Amino acid sequence: MSVTRAVVLGCGSALPDRVLTNAELAEMVETSDEWIVQRTGIRERRIVSEGETTADLGLRAAQRALADAGVEAETIDLIVLATATPDNTFPATAVTIQERLGISSGAAFDLQAVCSGFVFALTTAEAYLKNGLATRALVIGAETFSRILDWQDRSTCVLFGDGAGAVVLEAQPGAGTSADRGILASKLRSDGRHKEKLYVDGGPSSTQTVGHLRMQGREVFKYAVAMITDVIEDVFEKTGTTADDIAWFVPHQANKRIIDATARKLSIPDSKVVTTVDRHGNTSAASIPLALDVAVKDGRIKRGDLVLLEAMGGGFTWGACLLRW
Ligand code: UT7
């Protein structure tokens with residue numbers, strides 16, 4: 001059966017120049033490099049400089065993805081930007097990126113699913129491509145979480161970083177089997193009963209402020225592995241594949257312990273796991289496309305490889321996506 005697949009043509013990423021180390025954080029709050037590394041695996045993260053915004057990072061990642069794909073910006077007819085840290089409440093930061101890329105046709109909008117944003121955005125763009133609503137899409141994850149952190153709260157400020165990643169997707173015909181290139185299956189979930197475990201304590205309609213990130217870290221940790229493995233098992237079932245078939249596991253980079261526990265539960269060997277949390281921290285919706293770009297550019301992920309993505313975050317939201325690169 002012939003089907004339309006959303007195939008990745010190229011990827012790119014961008015990080016701010018400024019590196020913030022654990023040692024520097026230990027001078028700001030009561031913490032230590034040892035605690036942060038042991039509990040999270042994070043050694044350093046990047047932080048935007050004054051005036052640098054989510055659109056700046058997202059634009060750079062998008063330009064690099066377009067160059068990698070070898071396509072012109074004007075051929076893009078859909079931009080989906082996953083972000084929880086937009087430049088403004090509105091308009092969508094995606095339209096700023098659209099304008100700065102010189103695109104004035106097609107559609108551009110932001111998508112808000114916090115740390116799961118990139119998996120949600122990829123799945124949304126795929127649905128548009130499959131239904132003929134667009135032909136070539138830019139899917140971007142870009143965040144400046146340093147802007148919404150409470151820098152006095154050691155339980156959260158050591159965990160997050162800034163960055164952006166992007167992929168170019170194109171609608172292409174496929175045979176309808178798991179040998180096709182492109183997105184093969186996705187599963188998205190949300191459960192608002194958990195919304196108070198990870199949230200920002202401000203917003204335009206409630207406090208008229210931006211607010212700060214608040215998290216019950218241990219509570220999030222408790223649910224993470226089970227929720228993630230559940231959606232991964234769903235995409236395996238939908239495609240008739242197993243963990244043995246995947247070439248690369250590219251998880252959301254929140255915590256090395258969550259990544260390791262998930263890989264162990266699925267019997268995925270360490271050698272197939274892409275980990276960047278040590279250098280990037282948790283960059284929310286940007287973490288997966290950043291990790292993808294690292295592993296593509298260093299030669300690990302190659303055309304034809306089966307790649308498994310997953311994320312879980314505020315909401316809770318969580319999801320998995322299986323694609324052939
Ligand atoms: O991407 C969105 C999803 N978010 C996540 O996936 C985050 C999930 N949660 C986690 O990654 C972990 O729960 C954390 C890394 C946030 C915390 O690790 P934990 O092993 O769950 O530690 P904890 O929260 O149970 O805290 C243990 C202790 C506490 O002290 P007491 O109460 O045992 O005396 C904290 O006050 O560690 C203390 N603590 C710190 N100590 C030094 C909390 N933050 C720090 C810190 N430095 N930065």
Side-chain angles (χ1 to χ4, degrees), residues 20-45 82-85 112-121 141-146 148-163 165 188-192 194-200 212-232 250-263 265 273 275-278 280-291 309-320:
L20 181 66
T21 64
N22 290 348
E24 286 174 90
L25 279 164
E27 285 168 15
M28 296 158 60
V29 288
E30 184 73 37
T31 190
S32 65
D33 176 55
E34 193 195 359
W35 191 95
I36 301 171
V37 172
Q38 214 173 63
R39 301 287 175 133
T40 72
I42 301 167
R43 293 182 184 278
E44 60 183 41
R45 71 287 292 141
T83 189
T85 44
Q112 162 48 310
V114 209
C115 294
S116 310
F118 188 74
V119 174
F120 275 60
E143 301 276 19
T144 49
F145 261 50
S146 65
I148 55 164
L149 293 175
D150 175 351
W151 288 99
Q152 255 99 59
D153 175 12
R154 68 173 184 174
S155 72
T156 53
C157 75
V158 304
L159 304 174
F160 296 89
D162 302 335
L188 305 180
R189 290 291 315 278
S190 310
D191 186 345
H194 300 285
K195 67 181 172 0
E196 259 124 57
K197 297 187 175 87
L198 174 49
Y199 68 103
V200 168
H212 290 114
L213 183 148
R214 305 291 172 205
M215 177 165 74
Q216 300 167 28
R218 199 179 293 182
E219 279 296 300
V220 180
F221 202 110
K222 213 167 76 186
Y223 287 92
V225 178
M227 285 178 158
I228 292 163
T229 44
D230 189 51
V231 283
I232 289 175
V250 187
H252 168 51
Q253 309 283 320
N255 184 316
K256 179 90 166 65
R257 284 154 63 209
I258 296 176
I259 295 173
D260 289 347
T262 306
K265 199 161 167 199
V273 183
T275 309
T276 52
V277 69
D278 54 332
H280 299 166
N282 180 349
T283 57
S284 183
S287 92
I288 291 175
L290 267 165
L309 315 178
E310 60 79 359
M312 184 259 187
F316 293 147
T317 55
W318 65 107

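Since the structure is predicted, the reported quantities are computational estimates derived from the model, not experimental observations. First listed ligand is number 1; within each ligand, the first listed atom is number 1.
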Quick look: I258 vs ligand 1, heavy-atom contacts under 4.0 Å, and the answer is side chain

Atom 12 (C) of ligand 1 sits nearest the protein heavy atom F221 CD1, 3.7 Å

shortest atom 14 (C) of ligand 1-to-protein heavy-atom contact is with N255 ND2, 4.4 Å

Atom 8 (C) of ligand 1 sits nearest the protein heavy atom G217 O, 3.7 Å

Residue, atom and distance of the protein heavy atom nearest atom 17 (C) of ligand 1 read W35 CH2, 4.0 Å

>> Check for me whether A224 has a heavy atom closer than 4.0 Å to any atom of ligand 1.
In response: no

Name every donor-acceptor pair, under 3.5 Å, that has one atom in a side chain of residues 225-232 and the other anywhere in the protein, sequence neighbours excluded.
| residue | atom | partner | partner atom | Å |
| --- | --- | --- | --- | --- |
| T229 | OG1 | V225 | O | 2.8 |
| T229 | OG1 | A226 | O | 3.2 |
| T229 | OG1 | K265 | NZ | 3.4 |

Per side-chain hydrogen bond (donor to acceptor under 3.5 Å, both in side chains), R45 is matched among D278, T21, N22, T283 by N22

* Asked: More than 12 non-hydrogen atoms from neighbouring residues, nucleotides or ligands closer than 6.0 Å to CZ on R43, yes or no?
  -> no

A student comparing E219, R218, H252, R154 should find that the heavy atom closest to atom 26 (O) of ligand 1 comes from R218

What do you think, any protein heavy atom under 4.0 angstrom from atom 34 (O) of ligand 1? no

If you scan protein heavy atoms around atom 20 (O) of ligand 1, the nearest is R39 NH1, 2.8 Å

- How about atom 39 (N) of ligand 1: does it have a protein heavy atom within less than 4.0 Å? yes

Is T31 close to ligand 1, meaning an N/O of one under 3.5 Å from an N/O of the other? yes

Quick look: L159 vs ligand 1, heavy-atom contacts under 4.0 Å, and the answer is side chain

Quiz item: Are V29 and ligand 1 in contact, using a heavy-atom cut-off of under 4.0 Å?
Solution: no

For ligand 1, is T156 a contact, meaning one of its heavy atoms is under 4.0 Å away?
no

Among non-hydrogen protein atoms, atom 2 (C) of ligand 1 lies closest to C115 SG, 3.2 Å

